[in-house]
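In what follows, every heavy atom counts, from backbone to side chain, and hydrogens, waters and symmetry copies are set aside.
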Amino acid sequence: MSSRALDTDVLVVGAGPVGLTLAMDLAARGVQVAIAEIRRYAEPPNVKCNHVAARTMERFRRLGVAHKLRDAGLPADYPNDVVFRTSLCGIELTRIPIPCRAERYTAREGPDTWWPTPEPPHRINQLFLEPILLEHTAKLPGVTLWNRTQVTGFTQHEHVVEATLLDLDTRQERRVRCRYLVGCDGGSSMVRKAIGAKLEGTPVIQRVQSTHIRAPGLRALLPGKPAWSYYAVNPRRCGTVFAIDGHETWLVHNHLNPDEPEFDSVDRDWAIRQILGVGADFAYEVITKEDWVGRRLVADRFRDRNVFIAGDAAHLWVPYAGYGMNAGIADALNLSWLLAARVQGWGAEAILTAYEAERQPITMQVSNFAMDHAAKMIRARRAVPANVEAQDADGERAREELGREAYALNVQQFCCAGLNFGYYYEGSPIIASDGEAPPPYTMGDFTPSTVPGCRAPHFWLADGRSLYDAFGQGYTLLRLDEGVDVAPLLAAARERRMPLSVVDVAGAQVPAAYRHKLLICRDDQHVAWRGDAIPADPLALLDRLRGA
(Lines give C-alpha, C1' and ligand atoms only; values in the text may rest on other atoms or scores of the structure.)
Protein backbone atom coordinates (compact mmCIF):
# COMPACT_ATOMS: atom_id res chain seq x y z
CA MET A 1 0.00 0.00 0.00
CA SER A 2 1.45 3.37 -0.97
CA SER A 3 2.09 5.97 1.73
CA ARG A 4 1.29 8.62 -0.89
CA ALA A 5 -2.39 7.89 -0.37
CA LEU A 6 -2.38 9.19 3.21
CA ASP A 7 -5.39 11.06 4.55
CA THR A 8 -3.31 12.51 7.40
CA ASP A 9 0.13 12.16 8.93
CA VAL A 10 -1.11 11.27 12.43
CA LEU A 11 -4.49 10.02 13.60
CA VAL A 12 -5.15 10.76 17.28
CA VAL A 13 -7.82 8.64 18.96
CA GLY A 14 -9.46 10.71 21.70
CA ALA A 15 -9.92 14.46 22.20
CA GLY A 16 -9.30 14.73 25.92
CA PRO A 17 -6.50 16.98 27.22
CA VAL A 18 -3.79 14.50 26.19
CA GLY A 19 -5.06 14.01 22.64
CA LEU A 20 -5.69 17.73 22.16
CA THR A 21 -2.22 18.67 23.41
CA LEU A 22 -0.64 16.10 21.10
CA ALA A 23 -2.58 17.52 18.15
CA MET A 24 -1.68 21.11 19.06
CA ASP A 25 1.99 20.32 19.31
CA LEU A 26 2.07 18.32 16.08
CA ALA A 27 0.23 21.08 14.22
CA ALA A 28 2.75 23.64 15.51
CA ARG A 29 5.41 21.56 13.75
CA GLY A 30 3.54 21.49 10.44
CA VAL A 31 2.34 17.89 10.83
CA GLN A 32 -1.14 17.07 9.50
CA VAL A 33 -3.34 15.70 12.28
CA ALA A 34 -6.82 14.19 12.48
CA ILE A 35 -8.60 13.57 15.78
CA ALA A 36 -11.43 11.07 16.26
CA GLU A 37 -13.61 11.67 19.32
CA ILE A 38 -16.78 9.81 20.33
CA ARG A 39 -18.33 12.82 22.11
CA ARG A 40 -20.14 15.68 20.43
CA TYR A 41 -18.25 18.91 19.88
CA ALA A 42 -17.93 20.84 23.16
CA GLU A 43 -19.77 18.14 25.11
CA PRO A 44 -18.76 18.81 28.75
CA PRO A 45 -16.01 16.57 30.08
CA ASN A 46 -16.02 14.77 33.41
CA VAL A 47 -15.06 16.73 36.51
CA LYS A 48 -11.65 15.11 36.86
CA CYS A 49 -8.28 16.84 36.88
CA ASN A 50 -8.03 20.02 38.98
CA HIS A 51 -4.42 20.96 38.40
CA VAL A 52 -2.15 21.88 35.48
CA ALA A 53 1.49 21.33 36.42
CA ALA A 54 4.24 23.86 35.80
CA ARG A 55 5.89 21.69 33.13
CA THR A 56 2.56 21.47 31.30
CA MET A 57 2.01 25.22 31.57
CA GLU A 58 5.51 25.80 30.17
CA ARG A 59 4.53 23.96 27.00
CA PHE A 60 1.13 25.63 26.82
CA ARG A 61 3.07 28.90 26.93
CA ARG A 62 5.00 27.91 23.81
CA LEU A 63 1.81 26.75 22.12
CA GLY A 64 0.14 30.11 22.77
CA VAL A 65 -2.63 28.91 25.05
CA ALA A 66 -1.24 29.50 28.57
CA HIS A 67 -2.76 32.97 28.93
CA LYS A 68 -6.22 31.68 27.98
CA LEU A 69 -5.99 28.98 30.61
CA ARG A 70 -4.63 31.36 33.23
CA ASP A 71 -7.70 33.57 32.78
CA ALA A 72 -10.13 30.69 33.38
CA GLY A 73 -11.29 28.62 36.32
CA LEU A 74 -11.63 30.03 39.81
CA PRO A 75 -12.08 33.79 40.27
CA ALA A 76 -8.79 35.68 39.92
CA ASP A 77 -8.63 36.56 43.62
CA TYR A 78 -9.76 33.16 44.92
CA PRO A 79 -7.00 31.59 47.09
CA ASN A 80 -5.53 28.37 45.76
CA ASP A 81 -4.66 27.22 49.28
CA VAL A 82 -5.01 23.66 50.55
CA VAL A 83 -6.67 23.51 53.97
CA PHE A 84 -7.05 20.69 56.49
CA ARG A 85 -10.07 20.96 58.80
CA THR A 86 -12.13 18.68 60.98
CA SER A 87 -14.82 19.28 58.34
CA LEU A 88 -15.31 21.95 55.72
CA CYS A 89 -17.21 24.04 58.25
CA GLY A 90 -15.10 22.84 61.19
CA ILE A 91 -11.84 23.70 62.90
CA GLU A 92 -8.78 24.46 60.79
CA LEU A 93 -5.76 22.20 61.41
CA THR A 94 -3.23 23.54 58.91
CA ARG A 95 -2.99 25.39 55.60
CA ILE A 96 -0.66 25.09 52.61
CA PRO A 97 -0.57 28.57 51.04
CA ILE A 98 -0.75 28.70 47.24
CA PRO A 99 -1.27 32.06 45.47
CA CYS A 100 -4.46 32.97 43.65
CA ARG A 101 -4.05 33.25 39.89
CA ALA A 102 -4.02 37.08 40.01
CA GLU A 103 -0.82 36.86 42.11
CA ARG A 104 0.61 33.71 40.55
CA TYR A 105 3.49 35.45 38.75
CA THR A 106 4.33 37.93 41.52
CA ALA A 107 3.86 36.06 44.82
CA ARG A 108 7.09 35.25 46.67
CA GLU A 109 5.77 33.56 49.80
CA GLY A 110 4.70 29.94 49.92
CA PRO A 111 6.20 26.53 49.17
CA ASP A 112 5.89 26.74 45.37
CA THR A 113 6.65 30.38 44.59
CA TRP A 114 10.44 29.89 44.34
CA TRP A 115 10.22 27.47 41.44
CA PRO A 116 12.61 28.10 38.48
CA THR A 117 10.00 28.35 35.76
CA PRO A 118 8.37 31.00 33.58
CA GLU A 119 4.96 29.37 34.17
CA PRO A 120 3.92 28.36 37.69
CA PRO A 121 1.21 25.71 38.09
CA HIS A 122 -2.44 26.56 37.61
CA ARG A 123 -5.43 25.25 39.56
CA ILE A 124 -8.24 24.78 37.06
CA ASN A 125 -10.80 22.02 36.71
CA GLN A 126 -11.03 20.02 33.52
CA LEU A 127 -14.52 21.49 33.00
CA PHE A 128 -12.81 24.80 32.15
CA LEU A 129 -9.52 23.48 30.81
CA GLU A 130 -10.71 21.11 28.11
CA PRO A 131 -13.07 23.51 26.25
CA ILE A 132 -10.22 26.02 25.90
CA LEU A 133 -7.88 23.37 24.52
CA LEU A 134 -10.61 22.11 22.20
CA GLU A 135 -11.50 25.52 20.77
CA HIS A 136 -7.83 26.40 20.27
CA THR A 137 -6.97 23.09 18.60
CA ALA A 138 -10.03 23.02 16.32
CA LYS A 139 -9.01 26.36 14.78
CA LEU A 140 -5.45 25.32 13.95
CA PRO A 141 -4.49 24.83 10.30
CA GLY A 142 -3.63 21.23 9.62
CA VAL A 143 -5.99 19.82 12.27
CA THR A 144 -9.15 17.91 11.36
CA LEU A 145 -11.57 17.03 14.15
CA TRP A 146 -14.16 14.28 13.73
CA ASN A 147 -16.70 14.25 16.55
CA ARG A 148 -19.16 11.44 17.23
CA THR A 149 -16.61 9.21 15.54
CA GLN A 150 -15.30 5.94 16.91
CA VAL A 151 -12.15 4.18 15.74
CA THR A 152 -13.28 0.56 15.72
CA GLY A 153 -10.05 -1.02 14.50
CA PHE A 154 -6.93 -0.63 12.40
CA THR A 155 -4.47 -2.61 10.31
CA GLN A 156 -0.76 -1.88 10.07
CA HIS A 157 1.06 -2.09 6.75
CA GLU A 158 4.73 -1.34 6.15
CA HIS A 159 4.46 2.45 6.08
CA VAL A 160 0.74 3.03 6.61
CA VAL A 161 -1.86 2.44 9.29
CA GLU A 162 -5.36 1.96 7.92
CA ALA A 163 -8.06 2.69 10.49
CA THR A 164 -11.78 2.00 10.38
CA LEU A 165 -13.94 4.85 11.66
CA LEU A 166 -17.63 4.65 12.53
CA ASP A 167 -19.92 7.70 12.51
CA LEU A 168 -21.97 7.15 15.66
CA ASP A 169 -24.93 9.17 14.33
CA THR A 170 -25.23 7.88 10.77
CA ARG A 171 -23.64 4.45 11.45
CA GLN A 172 -21.58 4.94 8.30
CA GLU A 173 -18.07 3.49 8.18
CA ARG A 174 -15.04 5.01 6.50
CA ARG A 175 -11.38 4.11 6.21
CA VAL A 176 -8.57 6.53 7.01
CA ARG A 177 -4.93 6.06 6.08
CA CYS A 178 -2.30 7.64 8.27
CA ARG A 179 1.40 7.27 8.86
CA TYR A 180 1.04 6.99 12.64
CA LEU A 181 -1.85 6.35 15.03
CA VAL A 182 -1.82 7.37 18.69
CA GLY A 183 -4.32 6.06 21.22
CA CYS A 184 -5.23 8.75 23.75
CA ASP A 185 -8.48 6.91 24.41
CA GLY A 186 -8.45 6.47 28.16
CA GLY A 187 -8.25 3.65 30.64
CA SER A 188 -10.37 1.24 28.60
CA SER A 189 -8.29 2.01 25.49
CA MET A 190 -9.21 0.09 22.35
CA VAL A 191 -5.82 0.96 20.91
CA ARG A 192 -3.94 -0.52 23.87
CA LYS A 193 -5.90 -3.75 23.61
CA ALA A 194 -5.44 -3.90 19.83
CA ILE A 195 -1.64 -3.74 20.06
CA GLY A 196 -1.64 -6.42 22.74
CA ALA A 197 -0.28 -4.21 25.52
CA LYS A 198 -1.30 -5.20 29.04
CA LEU A 199 -1.69 -3.10 32.16
CA GLU A 200 0.41 -4.43 35.02
CA GLY A 201 0.57 -3.39 38.67
CA THR A 202 -1.92 -2.97 41.52
CA PRO A 203 -5.55 -2.99 40.30
CA VAL A 204 -7.14 -1.47 43.43
CA ILE A 205 -5.46 0.89 45.90
CA GLN A 206 -8.37 3.11 46.87
CA ARG A 207 -12.04 3.44 46.00
CA VAL A 208 -13.46 6.93 46.06
CA GLN A 209 -17.12 7.88 46.12
CA SER A 210 -16.99 11.17 44.25
CA THR A 211 -19.87 13.61 43.81
CA HIS A 212 -20.07 16.87 41.87
CA ILE A 213 -22.55 19.07 43.74
CA ARG A 214 -24.15 22.50 43.51
CA ALA A 215 -24.42 24.11 46.94
CA PRO A 216 -24.96 27.90 46.67
CA GLY A 217 -25.14 28.30 50.44
CA LEU A 218 -21.93 26.48 51.31
CA ARG A 219 -19.33 29.21 50.87
CA ALA A 220 -21.11 31.49 53.33
CA LEU A 221 -20.82 28.80 56.00
CA LEU A 222 -17.07 28.34 55.64
CA PRO A 223 -15.00 29.94 58.41
CA GLY A 224 -11.91 31.98 57.59
CA LYS A 225 -10.16 32.40 54.28
CA PRO A 226 -11.51 30.18 51.46
CA ALA A 227 -9.36 27.56 49.72
CA TRP A 228 -9.14 25.63 46.48
CA SER A 229 -8.89 22.25 48.23
CA TYR A 230 -10.22 21.18 51.61
CA TYR A 231 -9.34 18.01 53.50
CA ALA A 232 -11.94 16.98 56.05
CA VAL A 233 -10.46 14.89 58.86
CA ASN A 234 -12.74 13.51 61.55
CA PRO A 235 -13.42 10.08 63.09
CA ARG A 236 -16.69 9.66 61.18
CA ARG A 237 -15.51 10.43 57.66
CA CYS A 238 -12.42 11.68 55.85
CA GLY A 239 -12.76 13.30 52.47
CA THR A 240 -11.51 15.95 50.08
CA VAL A 241 -13.46 18.83 48.56
CA PHE A 242 -12.39 20.96 45.59
CA ALA A 243 -13.86 24.35 44.78
CA ILE A 244 -14.83 24.14 41.10
CA ASP A 245 -16.14 27.60 40.20
CA GLY A 246 -15.39 29.40 43.47
CA HIS A 247 -19.05 30.17 44.01
CA GLU A 248 -21.46 27.26 44.18
CA THR A 249 -20.07 24.08 42.60
CA TRP A 250 -17.86 21.62 44.46
CA LEU A 251 -16.38 18.17 43.98
CA VAL A 252 -16.61 15.97 47.07
CA HIS A 253 -14.36 12.89 47.38
CA ASN A 254 -15.39 10.39 50.05
CA HIS A 255 -12.38 8.10 50.53
CA LEU A 256 -13.74 4.64 51.23
CA ASN A 257 -12.02 2.49 53.84
CA PRO A 258 -10.56 -0.96 53.06
CA ASP A 259 -13.60 -2.61 54.70
CA GLU A 260 -15.94 -0.68 52.36
CA PRO A 261 -15.41 -2.57 49.09
CA GLU A 262 -18.27 -1.14 47.01
CA PHE A 263 -19.16 2.41 46.00
CA ASP A 264 -22.53 2.04 47.73
CA SER A 265 -20.98 0.63 50.92
CA VAL A 266 -21.54 4.04 52.52
CA ASP A 267 -24.63 6.23 52.28
CA ARG A 268 -23.56 9.01 49.92
CA ASP A 269 -25.66 11.77 51.43
CA TRP A 270 -24.55 10.94 54.99
CA ALA A 271 -20.89 10.92 53.96
CA ILE A 272 -21.17 14.25 52.12
CA ARG A 273 -22.75 15.90 55.16
CA GLN A 274 -20.05 14.52 57.49
CA ILE A 275 -17.31 15.82 55.20
CA LEU A 276 -18.94 19.23 54.75
CA GLY A 277 -19.90 19.49 58.42
CA VAL A 278 -23.53 20.40 57.74
CA GLY A 279 -26.80 19.16 59.16
CA ALA A 280 -29.77 17.43 57.59
CA ASP A 281 -31.38 20.76 56.76
CA PHE A 282 -28.57 21.88 54.45
CA ALA A 283 -29.64 21.80 50.80
CA TYR A 284 -27.44 20.77 47.90
CA GLU A 285 -27.93 19.30 44.43
CA VAL A 286 -26.07 16.34 42.95
CA ILE A 287 -24.89 17.30 39.45
CA THR A 288 -23.04 14.08 38.62
CA LYS A 289 -21.55 11.08 40.37
CA GLU A 290 -17.88 10.66 39.49
CA ASP A 291 -16.92 7.51 41.45
CA TRP A 292 -13.48 6.08 40.64
CA VAL A 293 -10.94 3.47 41.63
CA GLY A 294 -7.36 4.46 42.37
CA ARG A 295 -4.92 2.02 40.76
CA ARG A 296 -1.27 1.67 39.88
CA LEU A 297 -1.21 0.15 36.43
CA VAL A 298 1.36 0.71 33.69
CA ALA A 299 1.25 -0.84 30.22
CA ASP A 300 4.01 -3.34 29.48
CA ARG A 301 4.67 -1.50 26.23
CA PHE A 302 3.68 1.84 24.73
CA ARG A 303 4.14 1.02 21.05
CA ASP A 304 3.63 -1.49 18.30
CA ARG A 305 5.45 -0.36 15.14
CA ASN A 306 3.56 2.77 13.99
CA VAL A 307 0.88 2.72 16.70
CA PHE A 308 1.43 4.32 20.11
CA ILE A 309 -0.51 4.85 23.34
CA ALA A 310 -0.34 7.80 25.73
CA GLY A 311 -2.04 9.08 28.87
CA ASP A 312 -4.56 6.87 30.66
CA ALA A 313 -4.33 4.42 27.78
CA ALA A 314 -0.77 3.72 28.93
CA HIS A 315 -0.96 4.22 32.70
CA LEU A 316 -3.47 4.61 35.51
CA TRP A 317 -2.73 5.58 39.09
CA VAL A 318 -4.13 7.31 42.15
CA PRO A 319 -4.37 10.98 41.10
CA TYR A 320 -2.20 12.36 43.87
CA ALA A 321 0.06 15.30 43.00
CA GLY A 322 -2.24 16.08 40.05
CA TYR A 323 -0.12 13.84 37.90
CA GLY A 324 -2.59 11.71 36.02
CA MET A 325 -3.43 14.15 33.24
CA ASN A 326 -0.09 15.93 33.47
CA ALA A 327 1.87 12.70 33.00
CA GLY A 328 -0.29 11.97 29.96
CA ILE A 329 0.47 15.40 28.53
CA ALA A 330 4.17 14.75 29.17
CA ASP A 331 3.77 11.56 27.11
CA ALA A 332 2.19 13.56 24.30
CA LEU A 333 4.93 16.19 24.28
CA ASN A 334 7.65 13.55 24.32
CA LEU A 335 6.06 11.68 21.41
CA SER A 336 5.10 14.72 19.33
CA TRP A 337 8.56 15.93 18.41
CA LEU A 338 9.72 12.37 17.68
CA LEU A 339 6.85 11.82 15.24
CA ALA A 340 7.50 15.23 13.68
CA ALA A 341 11.17 14.31 13.20
CA ARG A 342 10.11 11.28 11.17
CA VAL A 343 7.44 13.12 9.16
CA GLN A 344 9.87 15.95 8.40
CA GLY A 345 12.50 13.44 7.33
CA TRP A 346 15.45 14.36 9.55
CA GLY A 347 14.78 11.78 12.23
CA ALA A 348 15.82 8.20 11.56
CA GLU A 349 13.37 5.34 12.17
CA ALA A 350 15.11 4.43 15.43
CA ILE A 351 14.31 7.83 16.94
CA LEU A 352 10.83 6.48 17.70
CA THR A 353 12.27 3.85 20.07
CA ALA A 354 13.05 6.70 22.46
CA TYR A 355 9.37 7.20 23.32
CA GLU A 356 8.91 3.93 25.19
CA ALA A 357 12.53 3.91 26.41
CA GLU A 358 12.07 7.33 28.03
CA ARG A 359 8.45 7.49 29.10
CA GLN A 360 7.83 4.00 30.48
CA PRO A 361 10.53 4.16 33.21
CA ILE A 362 9.41 7.65 34.25
CA THR A 363 5.81 6.46 34.36
CA MET A 364 6.84 3.62 36.65
CA GLN A 365 8.71 6.02 38.94
CA VAL A 366 5.91 8.58 39.17
CA SER A 367 3.23 5.95 39.65
CA ASN A 368 5.21 4.52 42.57
CA PHE A 369 5.54 8.00 44.10
CA ALA A 370 1.77 8.38 43.82
CA MET A 371 1.05 4.90 45.20
CA ASP A 372 3.38 5.39 48.16
CA HIS A 373 1.74 8.71 48.96
CA ALA A 374 -1.71 7.15 48.67
CA ALA A 375 -0.71 4.42 51.12
CA LYS A 376 0.47 7.04 53.63
CA MET A 377 -2.78 8.98 53.22
CA ILE A 378 -4.85 5.82 53.78
CA ARG A 379 -2.93 5.12 57.00
CA ALA A 380 -3.38 8.72 58.14
CA ARG A 381 -7.14 8.60 57.58
CA ARG A 382 -7.39 5.47 59.71
CA ALA A 383 -5.42 7.10 62.56
CA VAL A 384 -7.54 10.23 63.15
CA PRO A 385 -7.72 10.78 66.94
CA ALA A 386 -11.17 10.26 68.42
CA ASN A 387 -10.92 13.58 70.28
CA VAL A 388 -9.85 15.71 67.31
CA GLU A 389 -13.01 17.84 67.61
CA ALA A 390 -12.96 18.08 71.42
CA GLN A 391 -13.02 21.60 72.80
CA ASP A 392 -10.43 21.01 75.50
CA ALA A 393 -6.66 21.01 75.92
CA ASP A 394 -6.27 17.39 74.82
CA GLY A 395 -8.34 18.09 71.70
CA GLU A 396 -6.21 21.14 70.93
CA ARG A 397 -3.00 19.11 71.25
CA ALA A 398 -4.45 16.39 69.00
CA ARG A 399 -5.34 18.98 66.35
CA GLU A 400 -1.91 20.61 66.49
CA GLU A 401 -0.13 17.29 66.02
CA LEU A 402 -2.48 16.22 63.24
CA GLY A 403 -1.96 19.56 61.50
CA ARG A 404 1.83 19.25 61.60
CA GLU A 405 1.69 15.72 60.21
CA ALA A 406 -0.79 16.69 57.49
CA TYR A 407 1.33 19.62 56.33
CA ALA A 408 4.56 17.62 56.20
CA LEU A 409 2.93 14.79 54.27
CA ASN A 410 0.95 16.87 51.80
CA VAL A 411 3.08 19.90 51.00
CA GLN A 412 5.19 17.64 48.77
CA GLN A 413 2.03 16.49 46.97
CA PHE A 414 0.62 19.92 46.22
CA CYS A 415 3.97 21.63 45.75
CA CYS A 416 5.76 18.80 43.97
CA ALA A 417 8.91 20.41 42.61
CA GLY A 418 10.59 17.04 42.19
CA LEU A 419 7.90 15.61 39.92
CA ASN A 420 7.89 18.80 37.87
CA PHE A 421 11.58 19.47 37.46
CA GLY A 422 13.57 16.54 38.79
CA TYR A 423 12.79 13.62 36.50
CA TYR A 424 15.30 12.64 33.85
CA TYR A 425 15.63 10.28 30.90
CA GLU A 426 18.40 7.81 31.67
CA GLY A 427 19.54 5.22 29.17
CA SER A 428 17.76 6.88 26.24
CA PRO A 429 19.06 5.85 22.81
CA ILE A 430 19.00 9.47 21.61
CA ILE A 431 20.79 11.14 24.53
CA ALA A 432 24.59 11.34 24.61
CA SER A 433 25.54 10.40 28.16
CA ASP A 434 28.86 11.65 29.55
CA GLY A 435 29.02 9.19 32.44
CA GLU A 436 27.82 11.52 35.22
CA ALA A 437 24.80 10.19 37.08
CA PRO A 438 21.71 12.41 37.27
CA PRO A 439 20.93 13.62 40.79
CA PRO A 440 18.11 11.79 42.60
CA TYR A 441 14.78 13.49 43.24
CA THR A 442 11.71 13.03 45.41
CA MET A 443 8.11 14.07 44.95
CA GLY A 444 8.85 17.41 46.57
CA ASP A 445 12.55 18.13 45.96
CA PHE A 446 15.13 18.07 43.18
CA THR A 447 18.63 19.27 42.33
CA PRO A 448 18.97 21.34 39.13
CA SER A 449 21.36 19.61 36.74
CA THR A 450 22.62 19.68 33.17
CA VAL A 451 23.50 15.98 33.13
CA PRO A 452 22.25 14.73 29.73
CA GLY A 453 18.69 13.52 30.16
CA CYS A 454 17.82 16.12 32.82
CA ARG A 455 15.64 19.17 32.27
CA ALA A 456 17.75 22.17 31.32
CA PRO A 457 17.51 24.45 34.39
CA HIS A 458 15.50 27.56 33.67
CA PHE A 459 16.89 31.09 33.71
CA TRP A 460 15.98 34.44 32.20
CA LEU A 461 17.98 35.74 29.24
CA ALA A 462 19.50 39.20 29.24
CA ASP A 463 16.73 40.46 26.95
CA GLY A 464 14.05 39.37 29.46
CA ARG A 465 12.90 36.27 27.63
CA SER A 466 12.57 32.89 29.27
CA LEU A 467 15.27 30.45 28.20
CA TYR A 468 12.52 28.17 26.89
CA ASP A 469 11.00 30.95 24.80
CA ALA A 470 14.29 31.03 22.89
CA PHE A 471 14.32 27.31 22.12
CA GLY A 472 13.77 26.39 18.50
CA GLN A 473 11.97 23.35 17.18
CA GLY A 474 14.10 20.25 17.24
CA TYR A 475 17.36 21.15 18.97
CA THR A 476 18.89 24.28 20.46
CA LEU A 477 22.61 24.78 21.07
CA LEU A 478 23.21 26.89 24.17
CA ARG A 479 26.55 28.65 23.98
CA LEU A 480 27.80 30.02 27.29
CA ASP A 481 31.13 31.11 25.80
CA GLU A 482 30.83 32.97 22.53
CA GLY A 483 34.49 32.29 21.85
CA VAL A 484 33.76 28.64 21.10
CA ASP A 485 33.57 27.99 17.35
CA VAL A 486 30.39 26.00 16.61
CA ALA A 487 30.41 26.39 12.81
CA PRO A 488 31.33 22.73 12.14
CA LEU A 489 28.42 21.55 14.28
CA LEU A 490 25.98 23.82 12.45
CA ALA A 491 27.33 22.63 9.13
CA ALA A 492 26.82 19.03 10.20
CA ALA A 493 23.22 19.84 11.18
CA ARG A 494 22.58 21.35 7.75
CA GLU A 495 24.03 18.26 6.12
CA ARG A 496 21.63 16.06 8.10
CA ARG A 497 18.74 18.53 7.56
CA MET A 498 18.42 18.57 11.34
CA PRO A 499 16.92 21.69 12.99
CA LEU A 500 19.56 23.19 15.29
CA SER A 501 19.43 26.81 16.40
CA VAL A 502 21.99 28.67 18.52
CA VAL A 503 21.26 30.74 21.61
CA ASP A 504 24.11 32.77 23.11
CA VAL A 505 23.48 33.45 26.79
CA ALA A 506 25.99 36.21 27.41
CA GLY A 507 24.80 38.63 30.07
CA ALA A 508 22.33 36.25 31.68
CA GLN A 509 22.51 35.10 35.29
CA VAL A 510 23.15 31.46 34.53
CA PRO A 511 22.54 28.89 37.29
CA ALA A 512 25.57 27.14 38.75
CA ALA A 513 24.40 23.85 37.27
CA TYR A 514 25.64 25.06 33.87
CA ARG A 515 29.29 23.94 34.13
CA HIS A 516 29.97 23.44 30.41
CA LYS A 517 30.45 25.91 27.59
CA LEU A 518 28.06 24.17 25.21
CA LEU A 519 24.80 22.28 25.64
CA ILE A 520 22.41 20.83 23.09
CA CYS A 521 18.84 20.86 24.37
CA ARG A 522 15.82 19.21 22.84
CA ASP A 523 12.75 21.33 22.46
CA ASP A 524 11.08 19.33 25.25
CA GLN A 525 13.69 21.08 27.46
CA HIS A 526 15.82 18.02 28.20
CA VAL A 527 19.59 18.16 27.76
CA ALA A 528 20.80 15.87 24.97
CA TRP A 529 24.56 16.60 25.08
CA ARG A 530 27.05 18.91 26.77
CA GLY A 531 30.75 19.71 26.42
CA ASP A 532 33.35 22.45 26.36
CA ALA A 533 34.05 22.05 22.65
CA ILE A 534 32.29 20.46 19.72
CA PRO A 535 33.25 16.80 19.28
CA ALA A 536 35.83 15.72 16.73
CA ASP A 537 33.08 14.01 14.73
CA PRO A 538 30.00 16.28 14.92
CA LEU A 539 28.11 14.12 12.41
CA ALA A 540 28.39 11.12 14.71
CA LEU A 541 26.94 13.13 17.60
CA LEU A 542 24.02 14.41 15.54
CA ASP A 543 23.37 10.93 14.17
CA ARG A 544 23.09 9.71 17.77
CA LEU A 545 20.63 12.47 18.62
CA ARG A 546 18.45 11.87 15.58
CA GLY A 547 18.25 8.13 16.07
CA ALA A 548 20.58 7.08 13.27
Side-chain angles (χ1 to χ4, degrees), residues 10-23 25 35-36 38 48-49 56 150-156 161 163 178 180-206 292-339 350-372 374 419 423-430 524:
V10 180
L11 174 61
V12 177
V13 185
V18 175
L20 291 171
T21 302
L22 176 61
D25 204 62
I35 313 171
I38 62 174
K48 294 173 69 177
C49 185
T56 305
Q150 182 178 9
V151 178
T152 58
F154 55 85
T155 303
Q156 295 203 58
V161 181
C178 56
Y180 301 104
L181 183 148
V182 185
C184 303
D185 50 342
S188 59
S189 171
M190 177 280 296
V191 178
R192 181 187 67 240
K193 295 170 185 173
I195 67 172
K198 294 179 174 59
L199 292 174
E200 298 176 342
T202 307
V204 179
I205 296 173
Q206 171 82 76
W292 50 272
V293 177
R295 316 175 188 276
R296 195 202 71 82
L297 298 172
V298 179
D300 59 354
R301 55 197 179 107
F302 288 11
R303 176 196 182 193
D304 174 25
R305 292 167 288 170
N306 291 333
V307 176
F308 302 80
I309 54 174
D312 285 355
H315 43 74
L316 294 163
W317 61 67
V318 181
Y320 285 108
Y323 253 72
M325 180 194 75
N326 290 287
I329 289 176
D331 293 341
L333 296 175
N334 179 282
L335 179 59
S336 176
W337 76 277
L338 299 173
L339 293 176
I351 199 171
L352 297 177
T353 64
Y355 174 61
E356 185 174 283
E358 294 181 352
R359 289 306 303 166
Q360 191 179 43
I362 294 303
T363 299
M364 294 293 289
Q365 290 179 27
V366 175
S367 70
N368 280 312
F369 277 134
M371 185 178 74
D372 291 346
L419 293 192
Y423 71 83
Y424 50 83
Y425 296 137
E426 191 172 29
S428 169
I430 61 169
D524 66 354

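The CH2 atom of W317 lies 10.0 Å from the CZ atom of R296; values are rounded to the nearest 0.5 Å. The CG atom of L316 sits 6.0 Å away from the CG atom of L297 when rounded to the nearest 0.5 Å. With values rounded to the nearest 0.5 angstrom, C49 atom SG is found 7.5 Å from I329 atom CD1. Rounded to the nearest 0.5 Å, atoms OG1 (T21) and CG (L335) are 12.5 Å apart. We find the CZ-CG distance between F308 and L181 to be 10.0 Å, quoted to the nearest 0.5 Å. Atom CG of residue L339 and atom CD1 of residue I351 lie 9.5 Å apart, to the nearest 0.5 angstrom.
Looking at Q360, its side chain does come within 3.5 Å of a backbone N or O of A299 through a donor-acceptor pair. For the pair Q365 (side chain) and Y423 (backbone), a donor-acceptor distance under 3.5 Å is absent. Between the side chain of D300 and the main chain of E200, no donor-acceptor pair closer than 3.5 Å is present. Side-chain atoms of S336 never come within 3.5 Å of backbone atoms of A332 as a donor-acceptor pair (strictly under, hydrogens ignored). No donor-acceptor pair closer than 3.5 Å links the side chain of D25 to the backbone N or O of L333. Judged by distance alone, the side chain of R301 and the main-chain N or O of I195 form a donor-acceptor pair under 3.5 Å.
For A15 against L20, the heavy-atom pair with the smallest separation is O-CD1, 3.4 Å. The minimum heavy-atom distance linking V293 with P203 is given by the pair CG1-O, 3.9 Å. The nearest pair of heavy atoms linking L338 to L352 is O-CD2, 3.8 Å. Closest approach of M371 to I205, counting heavy atoms only: CG-CD1, 3.3 Å. A313 approaches G183 most closely through the heavy-atom pair CB-O, 3.6 Å. Nearest heavy atom pair, residue S367 against residue V298, reads OG-CG2, 3.9 Å.
Two residues are said to be in side-chain contact when any heavy atoms from C-beta on lie closer than 4.5 Å; V18 and D331 fail this criterion. Under the 4.5 Å side-chain criterion, counting only non-hydrogen atoms from C-beta, V161 is in contact with V307.
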For side-chain contact (heavy atoms from CB on, under 4.5 Å), just list the numbers for I430 and E358, CA-CA rounded to whole Å, side-chain angles, deciding distance to a tenth of an Å, and then say yes or no. CA-CA 10 Å; I430 61 169; E358 294 181 352; 3.9 Å; yes
Dump the intermediate steps for side-chain contact (heavy atoms from CB on, under 4.5 Å) on V182 and L22, then the final yes or no. CA-CA 9 Å; V182 185; L22 176 61; 3.6 Å; yes
Apply side-chain contact (heavy atoms from CB on, under 4.5 Å) to the pair T152 and M190, showing each step before the final yes or no. CA-CA 8 Å; T152 58; M190 177 280 296; over 6 Å; no
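Scored by the salt bridge (Lys or Arg N to Asp or Glu O under 4.0 Å) test, R192 finds no partners at all (sequence neighbours excluded). Partners of F369 according to the ring pair (Phe, Tyr, Trp, His ring centres under 6.0 Å) rule, which considers only residues two or more places apart in sequence or in another chain, are Y441. Shown here are the side chain to side chain donor-acceptor pair (under 3.5 Å) partners of N368, two or more places apart in sequence or in another chain: there are none.
Surrounding CD1 of I38 are at most 12 heavy atoms belonging to other residues, nucleotides or ligands under 6.0 Å away.
Classification of the F302-H315 ring pair by plane angle, with boundaries at 30° and 60°, yields tilted.
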